[in-house]
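Here's the structure, in C-alpha cells; my notes come after.
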2 protein chains.
Amino acid sequence: MTHCHTYIQALRNQGYRITPQREMIIETLAHGDVHMSAEEIYQQVLQRSKAVNLATVYRTLDLLVDKGYATRFMDSDGKLMYATEKHGTHLHLTCRICGNNYQTDANLLNPLIRQIEEMTGFKADFEHIALSGICKNCLDQNINTLKKEKEV
Amino acid sequence: MTHCHTYIQALRNQGYRITPQREMIIETLAHGDVHMSAEEIYQQVLQRSKAVNLATVYRTLDLLVDKGYATRFMDSDGKLMYATEKHGTHLHLTCRICGNNYQTDANLLNPLIRQIEEMTGFKADFEHIALSGICKNCLDQNINTLKKEKEV
DNA sequence: TCCGCTATTGCAATTATTTGCAATAATATA
DNA sequence: TATATTATTGCAAATAATTGCAATAGCGGA
Ligand SMILES: [Mn+2]
Ligand SMILES: [Mn+2]
Ligand SMILES: [Zn+2]
Ligand SMILES: [Zn+2]
C-alpha cells in the first residue's frame, strides 16, 4: 500500500471522482522522481495509456497542490515542477551566482512554522520551500566583488 | 534620490548598459505597487514611451531577480509577480482553503536564515517568501472535516 | 444493473512567458 | 566628437500553462 493510494482515497472521500487519468497521474508523480514537470508526468503516463491529455495532467496537479498533497515550484529554467510531500519535505537553496541547487534538512523550518502558528494561527504546510541567495563557494570567490557592489 | 537609482547605478557598475527601457522599467517597479506583473509594468511604461517591448520587460525583470534586487512569486492565479526588496521584505501566507493572503512580519525569517548560514554557509536573501497552509478562520470552521480527512 | 446527474475529460483556442536573430544603440577609446 | 565593439532591443516564432465548451464517464440511487 503506497502513499499514492492515500491521496486517491482522500480525494474520493471528499467527493472527487476517481478516473483512470487521475490514478495514473498521481501514481506516476508519487512513484517517480522527487521533482517532475507536467510534461514528464504526461510522457510517462502516455506509455501506460493513450487516454491522457496534458491539460488533464495540469488540472490534476493543480488539484493535488490545492489539497496540499503536492507542492509546486519553479526550477531555474522557469518551468513548474511538482513533488508529493511524501517524497520528503524540501528546503531548496538556489545560488544566484552559480545557479547550483542545494538541499537542506527541512526540519530547519519547524521553528519558523511553529512561531507563525503561535503568532497568527496560520498553520503553514511543512513543505517545499525555495530560498535564493549566495552559496559558500561563490561567497568566498566573489567576496571582493560583492563588497564593491554593496558600497554603491 | 530614490532606490531605483541605486539599482541602476549598481547595474552600471557591473558593466550592464543603462538603456531608457531599463530605467523606465526599474523606476516603474520601484515606485509602483508592491507587487506588479510584467504586463502591469509594461502598460505603465507604455504611457511614458512607446519604446518598450514586453519581452524587454520580462528580460529586465529577470535581470533584477538574478541580481537579487527584486523577487518573483506566483500569485494565486498562476501569474508571476515582481517586487523590489526595497518595498520591504515579505512573508506571505496563502490559505489553501479560502485563498486569502496574509502578510506577516518578515523578521520571523531571521532565525531561519541565520541557522542556514551557520549550518551550510549559504547566505539566503532576506526576501519574499510564500508559504501555503490553512488560516485560522478556515481551521476553526473546518476542524471536523479536516479531522475526517486525516483519518483516511 | 440501469439511469440520471454532473464532475471530468479532450480538444482547440487563449494567454503567459521565453527565445533566436538581425537591427540598434550604449559605452569605451581615440 | 567620431568609431569600433558588443550588449540590448524589437519582432516574430516557440514553448509553457490555462481555459471554454461539448462530449464522456464516474458514482449514487432506483
Ligand atoms: Mn523540491
Ligand atoms: Mn510579496
Ligand atoms: Zn554558488
Ligand atoms: Zn483561509
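Between the CE atom of B/Met24 and the P atom of C/dA25 there is a distance of 13 Å, given to the nearest Å. A straight line from CD of B/Gln9 to P of C/dT27 spans 11 Å, rounded to a whole angstrom. Atom OH in A/Tyr16 sits about 16 Å away from atom C1' in C/dT9, given to the nearest Å. Rounded to a whole Å, the CD atom of A/Gln14 is 15 Å from the P atom of C/dA7. Separating the CG atom of A/Leu63 from the C1' atom of C/dT8 is a distance of 11 Å, rounded to the nearest angstrom. Taking atom CG of residue A/Leu54 and atom P of nucleotide D/dT19, one finds them 14 Å apart after rounding to whole Å. For the pair A/Asp75 CG and D/dA17 P, the interatomic distance rounds to 9 Å; values are reported in whole Å. Taking atom CD on B/Gln43 and atom P on C/dT15, their separation rounds to 14 Å, with Å as the unit.
A donor and an acceptor atom, one from each side chain of B/Gln43 and B/Glu39, are located under 3.5 Å apart.
If you check every strand for non-hydrogen atoms under 4.0 Å, B/Ala38 touches nothing.
Contact annotation: A/Thr19 side-chain N/O to C/dT9 OP1/OP2 distance is under 4.0 Å. Phosphate proximity of C/dT18 to B/Tyr58: absent, as no side-chain N or O sits under 4.0 Å from OP1 or OP2. For A/Gln21 and D/dG26, the shortest distance from a side-chain N or O to OP1 or OP2 is not below 4.0 Å.
Comparing C/dT18, D/dA17, D/dT8 against the side chain of B/Arg72 picks out C/dT18 as the nearest. In the set C/dT9, D/dC27, C/dT27, the nucleotide with an atom closest to the side chain of B/Ile18 is C/dT27. Comparing C/dA26, C/dT27, C/dA12 against the side chain of B/Arg12 picks out C/dT27 as the nearest. Of the candidates D/dT8, C/dT9, C/dA7, the closest approach to any side-chain atom of A/Arg17 belongs to C/dA7. When each of C/dT17, D/dG26, D/dG10 is scored by its nearest atom to the side-chain atoms of B/Lys79, the top-ranked nucleotide is C/dT17. Side chain of A/Leu80, nearest nucleotide from D/dT9, D/dC27, D/dA17: D/dA17. Nearest nucleotide to the side chain of A/Asn53, out of C/dC11, D/dA12, C/dC21: C/dC11.
Between A/Glu39 and A/Ala55, the residue anchored nearer the 5' end of DNA chain D, judged by the nucleotide with its closest heavy atom, is A/Glu39. Annotation: of the two residues near DNA chain C, A/Ala51 and B/Met81, the 5′-most nearest-nucleotide partner is A/Ala51. Each of B/Met74 and B/Lys50 was matched to the nucleotide of DNA chain D holding its nearest heavy atom; the match closer to the 5' end belongs to B/Lys50.
In this model, a side-chain donor or acceptor of A/Arg59 finds a partner on the base of C/dG10 within 3.5 Å.
Within the 4.5 Å cutoff, the side chain of A/Asp125 has no heavy atoms near those of the B/Leu131 side chain.
Separation of the B/His92 and B/Phe73 ring centroids falls under the 6.0 Å cut-off.
B/Phe122 approaches A/Thr94 most closely through the heavy-atom pair CZ-O, 3.4 Å. A/His35 and A/Glu40 get closest at one heavy-atom pair: O-OE1, 3.9 Å.
Under the side-chain contact (heavy atoms from CB on, under 4.5 Å) criterion, B/Thr104 pairs with A/Thr120, B/Leu91, B/Leu93, B/Leu108, sequence neighbours left out.
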